[in-house]
Amino acid sequence: MKTILTGLRVNSELHLGHYLGVIKKLVALSNRYSKTGYEINLFIPDLHSIITPVDDDLQTNTLKNIKYFLASGLELNDHVHIYRQSRVPAHAELAWVLNCFATTGELSRMTQYKDKSAGKTSVGVGIFDYPVLMAADILLYDAEYVPVGEDQFQHLELTRTLAERFNHRYGETFTLPLAPKQQVEFMNLEAGVRIRDLVNPEKKMSKSTPAENSKIMLSDSPEQVKKKIMSATTDSFGEIDFDFKTRPGISNLLVIESLLKDEPLETTLSRWRGTTRYGDLKASVAGTLAAFLSNLQSKAAEIPDADVLAIFPEGEAYANNLANQKLTKVYEKLGLR
Ligand code: AMP
């Protein structure tokens, strides 16, 4: 059984970067591989959500975000398993076991931890330890394929290290996920997109940027979209061209237009390159985006909560079954059973 595993975070409201960078790609991946002999584990990492204080209602966000996936064309079939991490207790249990195989030195070297703890004398243990929980998320299902962004490569390597360490000591127990480079090759992730901040296009669009005009939320109205896109930072070259290094603002708008229209960037570019029609390009992007979001929002709104809640029983039964088998095997090897 070949398993592709990926988590869908529900901490915050989703923006356009999440849609184009994650949702669109995961939906295509799931629809393709669930029909070609793979099991797709799409889980809600709600235990990861609580490593920092949660402002939003996780239950509401879970439903809302799954609706966006369904509205984006995620096809449900017997090989797609959607489950909430906190409903599969083996995740937390295996994380404890793996904690006993990880070292503080290893976890201290994680760049995410270093970034989040920089300048602080003390941080939450969850922030320090979540890579171990992530290892448990993956190893419980022998998932070889874990489509993650570059920011998670180090954690994937840690997962491999912990699995190897356990296997070495107790015999073959865990399947190692593929190394990051192979993950990228397998899933063609190098075609990764980074949608930029509309006000400061040197940076990626991010939920943590306070300026409202800097990001397009999936819940934005056509008026909001228009206002934000029309005021987006471009450049003073006076002629439209594509180059993320020298003209990130206009390049970002061209990428958004091409991805939403599902056309090659070259095709989009050929309509605008060399012209001075910055305003027209913005109006075009605003129109494409507003139409896209209205469609997505109305599709999501048509999905009743009950339909989303009805998805979990299968996914959670499937996950608990596999995860408990693996956990029992681990406990047996450790002499706990
Ligand atoms: P975050 O909400 O920042 O934790 O990101 C969750 C996921 O969305 C990660 O896999 C990010 O790589 C992806 N993501 C976040 N912002 C963007 C963006 N502006 N463009 C593309 N992908 C993004």
Side-chain angles (χ1 to χ4, degrees), residues 4-30 41-56 58 61-62 64-66 68-69 72 74 85 110-113 115-116 126-127 130-131 133-134 137-138 145-156 180 183-184 187-220 225 228-229 232-233 244 248-249 251-260 265 285 289 292-293:
I4 300 176
L5 177 138
T6 181
L8 322 170
R9 278 163 58 94
V10 293
N11 284 44
S12 58
E13 261 211 75
L14 300 173
H15 56 62
L16 186 66
H18 290 128
Y19 176 78
L20 293 174
V22 182
I23 301 182
K24 191 169 190 267
K25 286 196 285 182
L26 283 184
V27 166
L29 186 89
S30 176
N41 288 21
L42 297 174
F43 78 104
I44 313 293
D46 50 3
L47 294 176
H48 285 282
S49 297
I50 59 170
I51 62 173
T52 48
V54 180
D55 300 327
D56 299 319
L58 287 179
N61 266 6
T62 300
K64 205 157 73 180
N65 289 3
I66 292 179
Y68 277 131
F69 273 81
S72 305
L74 178 71
Q85 185 186 32
M110 297 292 126
T111 49
Q112 293 252 324
Y113 167 70
D115 289 350
K116 289 186 175 133
I127 290 180
Y130 90 92
L133 178 59
M134 179 172 157
D137 300 335
I138 297 168
Y145 306 97
V146 188
V148 291
E150 233 170 276
D151 53 346
Q152 298 295 326
F153 282 0
Q154 214 186 2
H155 298 159
L156 202 56
Q183 301 281 357
V184 170
M187 280 166 289
N188 196 17
L189 292 174
E190 75 272 24
V193 273
R194 274 270 166 271
I195 301 302
R196 305 298 181 94
D197 182 301
L198 297 176
V199 176
N200 180 1
E202 305 286 338
K203 299 191 326 193
K204 72 166 196 172
M205 188 177 283
S206 164
K207 60 181 177 209
S208 49
T209 312
E212 219 186 280
N213 279 350
S214 69
K215 55 197 172 208
I216 302 283
M217 305 310 297
L218 295 189
S219 55
D220 277 353
V225 168
K228 292 177 184 180
I229 296 291
T233 304
F244 262 115
S251 302
N252 189 39
L253 296 181
L254 288 161
V255 165
I256 293 172
E257 176 92 335
S258 91
L259 288 172
L260 290 178
L265 183 62
V285 174
L289 192 50
F292 165 76
L293 288 182

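Please read all numbers here as calculations on a predicted model, not as lab measurements. In listed order, ligands and their atoms are each counted from 1.
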Quiz item: With D46, which residues qualify under salt bridge (Lys or Arg N to Asp or Glu O under 4.0 Å), at least two apart?
Solution: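 Testing D46 for salt bridge (Lys or Arg N to Asp or Glu O under 4.0 Å), a comparison that skips the adjacent residues, returns none.
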Self-check item: Listed partners of K24 passing salt bridge (Lys or Arg N to Asp or Glu O under 4.0 Å), at least two apart
Solution: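 Counting only residues at least two positions away or on another chain, K24 forms a salt bridge (Lys or Arg N to Asp or Glu O under 4.0 Å) with D262.
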Self-check item: Partner residues of E150 under the side-chain contact (heavy atoms from CB on, under 4.5 Å) criterion, sequence neighbours left out
Solution: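 Scan of E150 (side-chain contact (heavy atoms from CB on, under 4.5 Å), adjacent residues dropped) gives F153.
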Self-check item: Pair H18 + Y68: ring centers closer than 6.0 Å
Solution: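 H18 vs Y68: aromatic centres not under 6.0 Å.
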Quiz prompt | For ligand 1, the residues whose heavy atoms come within less than 4.0 Å (ordered by chain, then number) | solution =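 Its neighbours under 4.0 Å (heavy atoms only) are R9, H15, G17, H18, G21, V22, V193, R194, I195, K204, M205, K207, given by chain and number.
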Quiz item: Got I256 and I216 here, is their nearest side-chain heavy-atom distance under 4.5 Å?
Solution: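 No - every pair of side-chain heavy atoms lies 4.5 Å or more apart.
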Self-check item: Side-chain heavy atoms of L289 within contact of L16, under 4.5 Å
Solution: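 Side-chain contact under 4.5 Å: yes.
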